Amino acid sequence: MSTIHPKITEVLTHTFKVPAAEIRPDSTMDSLEMDSLAVAEFAVLIRETAGADGDFDRLPKDATLADITRFIDATAGRGTPVSGSAPVSNAR
């Protein structure tokens with residue numbers, strides 16, 4: 001996985017309280033029990049933390065974390081990353 005995978009893991013574990021053991025390259029947002037609101041919030045947080053500037057709506061609903069990582073790698077650097085730890089959400 002690329003260097004973005006640890007950021008994805010941090011956002012999912014800290015913000016959405018997803019157990020780290022469930023975060024695998026073949027995991028999907030559905031398999032992580034992320035509803036549509038949580039997925040939208042995840043996209044915003046990843047844009048901010050990784051500097052990804054892509055249209056996350058273009059990703060298929062069944063995209064895996066590996067697919068999302070490749071998408072972010074392709075679009076990262078177009079935005080301005082925000083430093084600091086991931087915020088906490090009550091979405092899960």
Side-chain angles (χ1 to χ4, degrees):
M1 288 261 107
S2 74
T3 58
I4 194 65
H5 188 72
K7 291 180 184 182
I8 290 173
T9 300
E10 179 184 358
V11 169
L12 290 172
T13 57
H14 290 105
T15 304
F16 298 100
K17 308 300 183 210
V18 175
E22 293 180 20
I23 302 172
R24 299 179 317 272
D26 62 338
S27 298
T28 64
M29 292 291 143
D30 281 343
S31 73
L32 298 175
E33 299 180 14
M34 302 274 287
D35 63 20
S36 59
L37 183 58
V39 171
E41 187 177 353
F42 170 78
V44 169
L45 292 172
I46 288 298
R47 275 190 199 104
E48 292 173 353
T49 60
D53 195 26
D55 181 7
F56 282 79
D57 292 334
R58 291 187 347 211
L59 284 169
K61 181 175 172 26
D62 61 346
T64 64
L65 292 181
D67 296 333
I68 294 168
T69 298
R70 282 190 294 276
F71 177 80
I72 293 168
D73 281 341
T75 62
R78 296 182 193 163
T80 304
V82 175
S83 60
S85 60
V88 176
S89 172
N90 295 324
R92 185 157 169 98

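Computed from a prediction, not measured in an experiment: that's the story for all the values here.
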> Would V11 and I46 count as a side-chain contact (heavy atoms from CB on, under 4.5 Å) if you check the C-alpha gap in whole Å, the side-chain angles of each, and the deciding distance to 0.1 Å?
Replying inline: CA-CA 8 Å; V11 169; I46 288 298; 4.0 Å; yes
> Salt-bridged, R58 to D55, with N to O below 4.0 Å?
Replying inline: no
>> Could you walk me through whether M29 and L65 satisfy the side-chain contact (heavy atoms from CB on, under 4.5 Å) test, starting with their C-alpha distance in whole Å, then the side-chain angles of each, then the deciding distance to 0.1 Å, before giving a yes or no?
In response: CA-CA 8 Å; M29 292 291 143; L65 292 181; 3.6 Å; yes
> What is the distance from atom NZ of K7 to atom CD1 of I72, rounded to the nearest 0.5 Å?
Replying inline: 9.5 Å
>> Return the CG to CZ distance between L32 and R24, rounded to the nearest 0.5 Å.
In response: 8.0 Å
>> With a 4.5 Å cut-off on side-chain heavy atoms, are M34 and L12 touching?
In response: yes
> Atom CD in E10, atom CD1 in I8: separation rounded to 0.5 Å?
Replying inline: 11.5 Å
>> Would you say the rings of F42 and F56 are close, in the sense that their centroids are separated by under 6.0 Å?
In response: no
> Is there side-chain contact between D30 and K61, with heavy atoms separated by less than 4.5 Å?
Replying inline: yes
> What distance do I4 atom CD1 and D73 atom CG have between them, rounded to the nearest 0.5 Å?
Replying inline: 6.5 Å
> Does the side-chain contact (heavy atoms from CB on, under 4.5 Å) test come out yes or no for T28 and D67, once each step is laid out?
Replying inline: CA-CA 9 Å; T28 64; D67 296 333; over 6 Å; no
> So, do H5 and I23 sit near enough that their side-chain heavy atoms are less than 4.5 Å apart?
Replying inline: yes
> Between CD of E22 and OG of S31, what distance do you get to the nearest 0.5 Å?
Replying inline: 8.0 Å
